[in-house]
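To keep things clear, I will list the structure first and then write my remarks on it.
Quantities reported herein were computed from a predicted structural model and do not represent experimental measurements. In what follows, every chain begins at residue 1, and chains take the letters A, B, ... in the order their sequences are listed.
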Amino acid sequence: MENTIESALKQAIQNALTVIGVPEESIPDIHLETPRDPSHGDASTSVAMQLARVLKKNPRAIAQEIVDSLETDPARVDAVEIAGPGFINFRYSNRYLFDELQSILQDKTTYGRTHSRKGQRILIEFVSANPTGPLTVGHGRNAVLGDTIARLLEWTGANVDREYYFNNAGRQMRLLGESLRARYLQELGETVDLPDDGYEGAYITDIAKNWLTEDGGQHRDANSITPFKERAETAIFEEIRATLRRMKIEMDSFFNEHTLYESGAIDRVVETFRKKGLAYDHDGAVWFKTTEFGKEKDTVLIKSSGEPTYRLPDIAYHADKLDRGYDLCIDIFGADHIDTYPDVLSGLKVLGYDPERVDVLVYQFVTLVKDGKPYKMSTRKANFVTLDELMDEVGEDVTRFFFLMRSPNTHLEFDVAKAKEAGDKNPVFYLQYAHARIHSILRKVEELGGLSGKPALERLTHPSEIALIKTLLAFPGAVELAAAHQEPHRLINYLNECASGFTSFYHDCRILLEDVELMQARGNLAAACAAVLANGLGILGISAPERM
RNA sequence: GCGCCCGUAGCUCAACUGGAUAGAGCAACUGCCUUCUAAGCAGUAGGUUCCAGGUUCGAGUCCUGGCGGGCGUACCA
């Protein structure tokens with residue numbers, strides 16, 4: 001990324017500022033942006049306006065001084081203009097655009113990859129649903145966000161591992177085992193009630209039925225619920241893994257909370273806290289002095305029953321992750337967990353870790369809209385929609401897309417009816433359609449002799465052609481931006497621009513022509529666009545079909 | 001009560017972290033298929049960016065105070 005035109009321009013501006021005698025300490029961070037309005041050029045900076053106050057001069061006059069001492073590469077930059085209140089606008093040369101287009105055509109499947117996170121090891125923990133039931137729509141946003149952010153980070157050069165953290169002990173799992181036993185016995189004709197607060201979902205009955213066909217009812221008189229718990233866990237985890245696979249999510253590891261008890265990691269955390277005077281006994285429980293870190297109340301680490309609350313293993317777990325040598329650990333949390341992570345960070349600080357190495361992405365809840373009405377869900381009650389059911393209805397691509405298309409920190413309305421309308425109302429098809437359309441044309445170009453290895457790209461002069469090239473060149477930056485913010489929807493916004501840029505080009509400029517040279521130039525532009533769309537959809541985990 | 005998030009077109013949401021005339025998609029209206037995929041394109045209409053102050057060359061974006069919604073505020077996860 002060192003030799004990009006942007007970095008060259010920044011350097012040139014920096015130099016010019018020094019030349020005109022701006023003291024080093026008042027030089028701001030030079031920021032280049034792409035103007036919304038194309039008539040304002042291809043890149044723009046507002047340094048002159050930022051300096052107006054320090055230098056006590058008219059911003060336009062400062063801009064003029066900067067431009068006068070600015071040395072830009074005439075092969076890449078056609079014009080430098082001052083506009084508005086003091087913006088300095090840069091216009092790129094066509095030659096630059098064609099050179100860059102050529103490099104897209106060379107890189108194809110790797111175009112858009114950067115090295116900004118090269119050498120970084122990142123662990124991203126997500127989904128992390130306990131095995132008490134199938135994954136529901138509620139987990140979907142977490143799963144897809146986590147996986148897509150992982151893919152984004154991989155595209156910027158990082159080495160990313162995906163981990164699923166779970167707990168198969170405790171009250172919830174006990175209830176699950178008891179619920180399974182009840183169903184099992186019911187299937188054998190006994191009259192047994194589900195336990196209070198038991199799991200009512202039909203999947204429990206399915207597990208019971210399957211088991212019965214295997215074991216013939218030999219667990220009827222088992223006096224321990226352990227086999228029921230284990231059977232339920234295995235069956236449910238199998239289903240969860242299958243669902244994830246269907247969503248194109250491949251975990252690198254599953255981490256059982258229990259190992260933190262066995263290894264003594266939890267005890268060590270408490271010991272260290274005590275040694276530092278940040279843990280104490282009160283009312284039979286062990287407390288963490290979170291008031292030392294700005295909280296209103298201290299927090300219970302170990303209940304008077306002797307059972308730790310989930311915060312304690314959480315702290316030990318994060319320490320474990322950092323011990324494994326990751327530069328960065330990312331957690332994907334729903335908004336309901338928002339209150340827990342400050343404690344984890346405080347705990348890590350006490351243990352001597354740098355909390356900066358943990359990043360928490362909090363996303364807001366999903367409202368599922370069915371028949372125009374919001375649909376309330378709960379795993380324990382039977383009224384939930386599983387991810388599998390959702391994918392059965394709207395397909396895998398649409399499912400991933402809908403979870404990604406909004407900023408993580410706004411509420412997401414998932415309207416099943418809209419997602420199902422496999423037509424113009426569905427934005428995912430717009431991207432796939434543009435891609436398929438290009439391939440359809442390229443197949444025809446192939447019949448007419450194919451694309452030239454050395455296309456005459458300078459034949460591309462139509463405004464729609466130039467605009468499309470510029471959009472394609474923005475791809476690596478869009479990936480970088482989405483990765484930096486951990487917000488996949490930014491990439492979707494970009495891909496929409498890309499697809500609509502193509503369709504404008506498609507309508508303005510015919511590709512299949514007698515003029516073979518022009519056909520090849522345009523064909524190559526279309527091919528470059530297909531490559532960008534395919535790469536972008538790949539990052540989102542959405543297919544890029546060649547025919548529709 | 002306190003903490004976090006949100007409030008932008010009729011609806012669902014963007015807006016490159018402070019930039020130039022706030023943009024898309026649905027829905028509405030008007031055009032465009034003997035020519036490469038009409039799952040498309042071009043156009044019209046739609047806005048006091050919740051309200052009131054403040055910061056500055058410049059605010060949807062930052063600060064303060066309200067109003068409205070979501071989530072949390074457990075010896076539940």
Side-chain angles (χ1 to χ4, degrees), chain A residues 31-37 39-40 44-46 48-50 52-53 58-59 83-87 89 128-130 132 167 170-172 257 282-287 295-297 299-311 314 334-340 342 362-365 367 369 405-415 418 421-430 432-434 436-445 448 474 477-478 480-482 484-485 489-490 492-494 496-497 499-500 503-504 506-513 519 522-523 526 547-548:
Chain A
H31 185 63
L32 277 182
E33 62 187 80
T34 311
R36 223 194 309 266
D37 182 346
S39 75
H40 292 140
S44 169
T45 181
S46 60
M49 281 130 74
Q50 289 167 45
R53 184 146 65 147
N58 178 330
F87 290 100
N89 297 336
S128 297
N130 287 337
T132 57
N167 167 8
R171 188 182 116 86
Q172 295 307 323
E257 180 185 315
H282 178 69
D283 283 350
V286 181
W287 296 71
K295 268 214 156 184
E296 257 179 44
K297 284 192 279 186
T299 309
V300 173
L301 289 176
I302 302 176
K303 302 183 232 171
S304 48
S305 68
E307 247 181 320
T309 64
Y310 68 99
R311 276 166 217 249
D314 255 13
D336 53 341
H337 284 63
I338 199 152
D339 237 34
T340 90
V362 176
Y363 63 91
Q364 301 298 315
F365 280 154
T367 320
V369 177
M405 71 183 175
R406 304 303 181 203
S407 158
N409 65 7
T410 81
H411 294 267
L412 173 69
E413 190 164 291
F414 198 125
D415 190 325
K418 258 187 196 144
E421 284 182 63
D424 42 356
K425 289 184 187 98
N426 206 324
V428 62
F429 292 116
Y430 184 70
Q432 295 181 319
Y433 184 63
R437 210 182 219 181
I438 294 171
H439 277 276
S440 161
I441 295 166
L442 291 178
R443 283 191 291 272
K444 291 189 170 132
V445 171
L448 297 171
E480 192 61 54
L481 193 74
H485 289 268
H489 76 283
R490 292 173 186 263
I492 289 183
N493 292 159
Y494 166 78
N496 272 319
E497 255 177 65
S500 87
T503 37
S504 306
Y506 168 86
H507 281 273
D508 294 343
C509 306
R510 206 183 150 73
I511 296 170
L512 301 176
L513 297 165
M519 174 181 80
R522 287 178 173 171
R547 294 170 200 272
M548 283 176 81

Once you apply a heavy-atom cut-off of 4.0 Å, does [X] come out as touching a base, just sugar-phosphate, or nothing?
{"X": "A/Glu307", "value": "nothing"}
{"X": "A/Asn496", "value": "nothing"}
{"X": "A/Met548", "value": "base"}
{"X": "A/Ile511", "value": "base"}
{"X": "A/Ala436", "value": "base"}
{"X": "A/Ala52", "value": "nothing"}
{"X": "A/Ser500", "value": "nothing"}

Quick one: which of [options] gets closest to the side chain of [X]?
{"X": "A/Phe429", "options": "B/U37, B/A39, B/A14", "answer": "B/A39"}
{"X": "A/Asp37", "options": "B/C76, B/U21, B/U35", "answer": "B/U21"}
{"X": "A/His337", "options": "B/U17, B/A77, B/U12", "answer": "B/A77"}
{"X": "A/His411", "options": "B/U12, B/A77, B/G70", "answer": "B/G70"}
{"X": "A/Gln364", "options": "B/G70, B/A20, B/G72", "answer": "B/G70"}
{"X": "A/Asp336", "options": "B/C71, B/U37, B/C75", "answer": "B/C71"}
{"X": "A/Arg53", "options": "B/A77, B/C75, B/C57", "answer": "B/C57"}
{"X": "A/His31", "options": "B/U17, B/G19, B/C2", "answer": "B/U17"}
{"X": "A/Ala83", "options": "B/U12, B/A20, B/U35", "answer": "B/A20"}

*Mind checking the P distance from B/C57 to B/A52? Whole angstroms is fine.*
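Pairwise P distance, B/C57 against B/A52, rounds to 24 Å.
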
_Pairwise P distance for B/G10 and B/U49, with rounding to whole Å_ =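 Result for the P pair: 12 Å, nearest Å.
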
Pair of N/O donor and acceptor under 3.5 Å linking [N] base with [X] side chain:
{"X": "A/Ser46", "N": "B/G19", "answer": "yes"}
{"X": "A/Ser44", "N": "B/A20", "answer": "yes"}
{"X": "A/Tyr433", "N": "B/A39", "answer": "no"}
{"X": "A/Asn89", "N": "B/A20", "answer": "yes"}
{"X": "A/Ser304", "N": "B/C75", "answer": "yes"}

_How long is the straight-line distance from CZ of A/Arg36 back to OG1 of A/Thr34, given to the nearest 0.5 Å?_
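With rounding to 0.5 Å, OG1 (A/Thr34) is 11.5 Å from CZ (A/Arg36).
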
*Nearest-0.5 Å distance that lies between atom CG in A/Leu442 and atom CD1 in A/Ile511*: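 Here the rounded value is 7.5 Å.
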
Within the distance-only criterion (no hydrogens, no angle test), does the side chain of [X] pair as donor or acceptor with the backbone N or O of [Y] below 3.5 angstrom?
{"X": "A/Arg522", "Y": "A/Arg510", "value": "yes"}
{"X": "A/Asn426", "Y": "A/Phe429", "value": "no"}
{"X": "A/Asn89", "Y": "A/His40", "value": "yes"}
{"X": "A/Asp37", "Y": "A/Ser39", "value": "yes"}

For [N] and [X] - does any side-chain N or O of the residue sit under 4.0 Å from the phosphate oxygens OP1/OP2?
{"X": "A/Thr503", "N": "B/C41", "answer": "yes"}
{"X": "A/Lys295", "N": "B/G3", "answer": "no"}
{"X": "A/Lys444", "N": "B/U37", "answer": "yes"}
{"X": "A/Arg311", "N": "B/A74", "answer": "no"}
{"X": "A/Ser504", "N": "B/A42", "answer": "yes"}
{"X": "A/Thr410", "N": "B/A14", "answer": "yes"}
{"X": "A/Lys297", "N": "B/G3", "answer": "no"}
{"X": "A/Asn409", "N": "B/C6", "answer": "yes"}
{"X": "A/Tyr430", "N": "B/C41", "answer": "yes"}

Between [N] ([atom2]) and [X] ([atom1]): distance, integer Å:
{"X": "A/Asn493", "N": "B/G23", "atom1": "CG", "atom2": "P", "answer": "15 Å"}
{"X": "A/Met49", "N": "B/G18", "atom1": "CE", "atom2": "C1'", "answer": "10 Å"}
{"X": "A/Phe87", "N": "B/C16", "atom1": "CZ", "atom2": "C1'", "answer": "14 Å"}
{"X": "A/Arg36", "N": "B/G19", "atom1": "CZ", "atom2": "P", "answer": "9 Å"}
{"X": "A/Phe365", "N": "B/G69", "atom1": "CZ", "atom2": "C1'", "answer": "15 Å"}
{"X": "A/Asp314", "N": "B/C76", "atom1": "CG", "atom2": "P", "answer": "15 Å"}
{"X": "A/Tyr363", "N": "B/C71", "atom1": "OH", "atom2": "C1'", "answer": "12 Å"}
{"X": "A/Glu296", "N": "B/G72", "atom1": "CD", "atom2": "P", "answer": "18 Å"}

*Nearest-nucleotide wise, let me know which of A/Pro59 and A/Arg406 is further upstream toward the 5' end of RNA chain B.*
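With A/Arg406 and A/Pro59 compared, the 5'-side residue is A/Arg406.
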
*Where each residue is assigned the nucleotide of RNA chain B containing its nearest heavy atom, which of A/Ile338 and A/Ser407 is assigned the position nearer the 5′ end?*
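Its nearest nucleotide being more 5', the pick is A/Ile338.
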
_Face-to-face contact A/His489 to B/A14 six-ring, under 5.5 Å, under 30°_ =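 So A/His489 does not count as stacking on the base.
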
*Ring-on-base stacking between A/Tyr506 and B/G40, under 5.5 Å between centres and under 30° between planes: is it there?*
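One would not call A/Tyr506 stacked on the B/G40 base.
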
Partner of [N] by Watson-Crick or G-U wobble geometry, both contacts under 3.5 Å, or none?
{"N": "B/G47", "result": "none"}
{"N": "B/C71", "result": "B/G3"}
{"N": "B/A38", "result": "none"}
{"N": "B/C16", "result": "none"}
{"N": "B/C26", "result": "B/G10"}

*asked:* Give me syn or anti for B/U8, where syn covers glycosidic angles within 90 degrees of 0.
replied: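 You should classify B/U8 as anti.
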
*Where does B/C16 land, syn or anti, given syn is within 90° of 0?*
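For B/C16, whose glycosidic angle is more than 90° from 0, the conformation is anti.
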
*Which is it for A/Tyr506 and A/Ile441 under the side-chain contact (heavy atoms from CB on, under 4.5 Å) test, yes or no, and what are the steps along the way?*
CA-CA 10 Å; A/Tyr506 168 86; A/Ile441 295 166; 3.6 Å; yes

*Can A/Tyr363 and A/Leu412 be said to form a side-chain contact (heavy atoms from CB on, under 4.5 Å), step by step?*
CA-CA 9 Å; A/Tyr363 63 91; A/Leu412 173 69; over 6 Å; no

*Compare every heavy atom of A/Ala436 with every heavy atom of A/Met548, then report the nearest pair and how far apart it is.*
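Between these two residues, the closest heavy atoms are CG-CB, 3.8 Å.
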
*Going by distance alone, is a donor N or O of one side chain under 3.5 Å from an acceptor N or O of the other, for A/Asn130 and A/Thr132?*
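No - no donor-acceptor pair under 3.5 Å links their side chains.
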
